[in-house]
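This report refers to the structure that appears directly beneath it.
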Number of protein chains: 2
Amino acid sequence: MVTPSRKQREIQEREAQILKLARPILLREGYQPLSMDRLATLMEYAKGTLYNHFPNKEEIVLALAIESMELRLKMFEAASIASRVPRERLLAIGAACELYTQSCADHFAIEDWIRNSTIWNKSSTARQDLIRQCEGRCMSIVSGIVRDAVAHGDLKLENDLTAEEMIFGFWAINYGSQVLAATSPSLVSLGVPNAPRAIRHHCFTLLNGFGWQPMGDFADHIKAMDRFGDLLRKQFADQLTNR
Amino acid sequence: MVTPSRKQREIQEREAQILKLARPILLREGYQPLSMDRLATLMEYAKGTLYNHFPNKEEIVLALAIESMELRLKMFEAASIASRVPRERLLAIGAACELYTQSCADHFAIEDWIRNSTIWNKSSTARQDLIRQCEGRCMSIVSGIVRDAVAHGDLKLENDLTAEEMIFGFWAINYGSQVLAATSPSLVSLGVPNAPRAIRHHCFTLLNGFGWQPMGDFADHIKAMDRFGDLLRKQFADQLTNR
DNA sequence: TCAAATATCGACGATGCGTCAAAAAAAGTC
DNA sequence: GACTTTTTTTGACGCATCGTCGATATTTGA
């Protein structure tokens, strides 16, 4: 018994609208000012109706994060085919990370909320699974590049390191530096005025440390990342909000 | 006009007691279950008295984080004099990080709360400054090691990288991986069963990428870190709670 | 011993989450 | 079109928590 559909569509669209209203509040005012009453008023629906869509406030945050992670995933997919040389493909992923955090700072900030235990623990396993799945797809795109590099003879993994473990390192350094840059009270006064450049340098050093061919010098590395950055910026021009 | 002191001491001690009661709640039950009413009941004082000590709930969290960061700082200080070889001193710092996150998981988890914008923004600049100061001291301990290495000729910083920027990389990779390990839904299923080992490997690779002398092989690296870990574990035996 | 200063108390207002029974709207039936 | 049944919407309600503030108790100092 398929429910015809006008009403059904209406409900579906409302869900998107809730998220659209919630996003800027969470982003620009924070978690507490994002209240269900306020959201209901803005929507011009009763609070109870909101609760038909989301069982609690936390789920809204997760839903927002899922939207964001899907954008990131698309960027990763685009980056992963930006070159035929594995090392460059990884640089392109790095450029995607930069672009995402800098020009989709909103999305990046939202993703971070899901690491908050208060929020994570109150949300449904269904949405948690979606997030896990997204993470898994991101990981397999990037670890695939590593495997290609190994297959092409550009890279040798030593000491039983797996492709995923290797990627974990790049993930950690990128994620870590971005969070630190965003939340550490004044990196500048700690002596790190240009965090993005520092990170590029570290990734460069790490790649060389692994002996990943072909190794250029740091200037080449910078140039390549800028090139991929521009490429992605064009491809995703309509999605880049900030800066 | 110095207030005599019995009462004054009493008040001072109460502050410590509040933190002592608050810590396990925040840790084991989370931010929301840590309520001012509950804390007041536990203290057998009225809520208003609590508010004489801390202007709001967030400040309590910051105060806890400061306690934790001071322990970390002590570990860093101990680590930084655990050897005369700069590269080994940095390994010792790495071991301190490991020990802190693994065996003082409580403290590490608490530190992370202050990165929550909700909490940070509601706290006083006075306590925020204390935190900044702590971070600064940590940074200067570790960047001092880098400078020593340069002075001893063990390391050459290229491409205008400063000691602080270099440290920032290690900080990011350690911090990032620890947060990811703690919050990323099942790293294991992503293909990273042994995150700590992976991080050791990445730090090893990074050090070599920078050409920091003397370079041993990975087995030596592991051995050295284990040695420093044991050393610190003994020194801080009384403070290590978990595991 | 008593007045001024300080500390403590806990009821109170305000806010926000999530519920649920009643009302409204839509879908289905003849 | 008149009806019954199902689904959706509503918003007042119960409950919890934060932070306040005037009243009360305690300490200090003369």
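Here is how names work: the chains are called A, B, and so on, in the same order as the sequence lines, proteins then strands, and each is numbered from 1.
Considering only side-chain atoms of Tyr45(A), the nucleotide from dT10(D), dG19(D), dG18(C) that sits closest is dT10(D). Of the listed nucleotides (dC18(D), dA7(C), dG16(C)), dC18(D) has the atom at the smallest distance from the side chain of Lys47(B). The nucleotide whose nearest atom lies closest to any side-chain atom of Ala46(A) is, among dT19(C), dT10(D), dT20(D), dT10(D). Of the candidates dA7(C), dT8(D), dT17(D), the closest approach to any side-chain atom of Ser35(B) belongs to dT17(D).
Smallest separation of non-hydrogen atoms from Met166(B) and Val146(B): SD-CG1, 4.1 Å.
Nucleotide dT20(D) holds its P atom 15 Å from the NZ atom of Lys57(B), rounded to whole Å. As rounded to whole Å, 13 Å separates atom C1' of dC15(D) from atom CG of Asp37(B). When rounded to the nearest whole Å, the span between OH of Tyr51(B) and C1' of dA11(C) equals 15 Å. The distance between atom CE of Met43(A) and atom P of dT9(D), rounded to the nearest whole Å, is 10 Å. Atom P of nucleotide dT15(C) and atom CG of Leu34(A) are separated by 17 Å, given to the nearest angstrom. Atom CG in Leu50(B) sits about 11 Å away from atom C1' in dT8(C), given to the nearest Å. For Glu58(A) and dG18(C), the CD to C1' distance is 11 Å, given to the nearest whole Å. If you measure from atom CZ of Arg9(B) to atom P of dT27(D), you get 14 Å, rounded to the nearest angstrom.
Contact of the Leu130(B) side chain with the Gln133(B) side chain is registered, since non-hydrogen atoms from C-beta on lie closer than 4.5 Å.
The shortest distance between the side-chain N/O atoms of Thr49(B) and the OP1/OP2 oxygens of dC9(C) is below 4.0 Å. Regarding contacts with the backbone of dT8(C), a side-chain N or O of Asn52(B) is found under 4.0 angstrom from either OP1 or OP2. Applying the 4.0 Å criterion to OP1 and OP2 of dC17(C), one finds that Arg38(A) has every side-chain N and O outside that range.
Tested against Phe228(B) for a side-chain contact (heavy atoms from CB on, under 4.5 Å), the candidates Leu91(B), Leu99(B), Ile93(B) yield a single pass: Leu91(B). Ser68(B) pairs with exactly one of Tyr100(B), Phe108(B), Trp113(B) by the side-chain contact (heavy atoms from CB on, under 4.5 Å) rule, that one being Tyr100(B).
Put simply, the side chain of Gln239(A) never gets that close to the backbone of Phe236(A): no donor and acceptor are under 3.5 Å apart.
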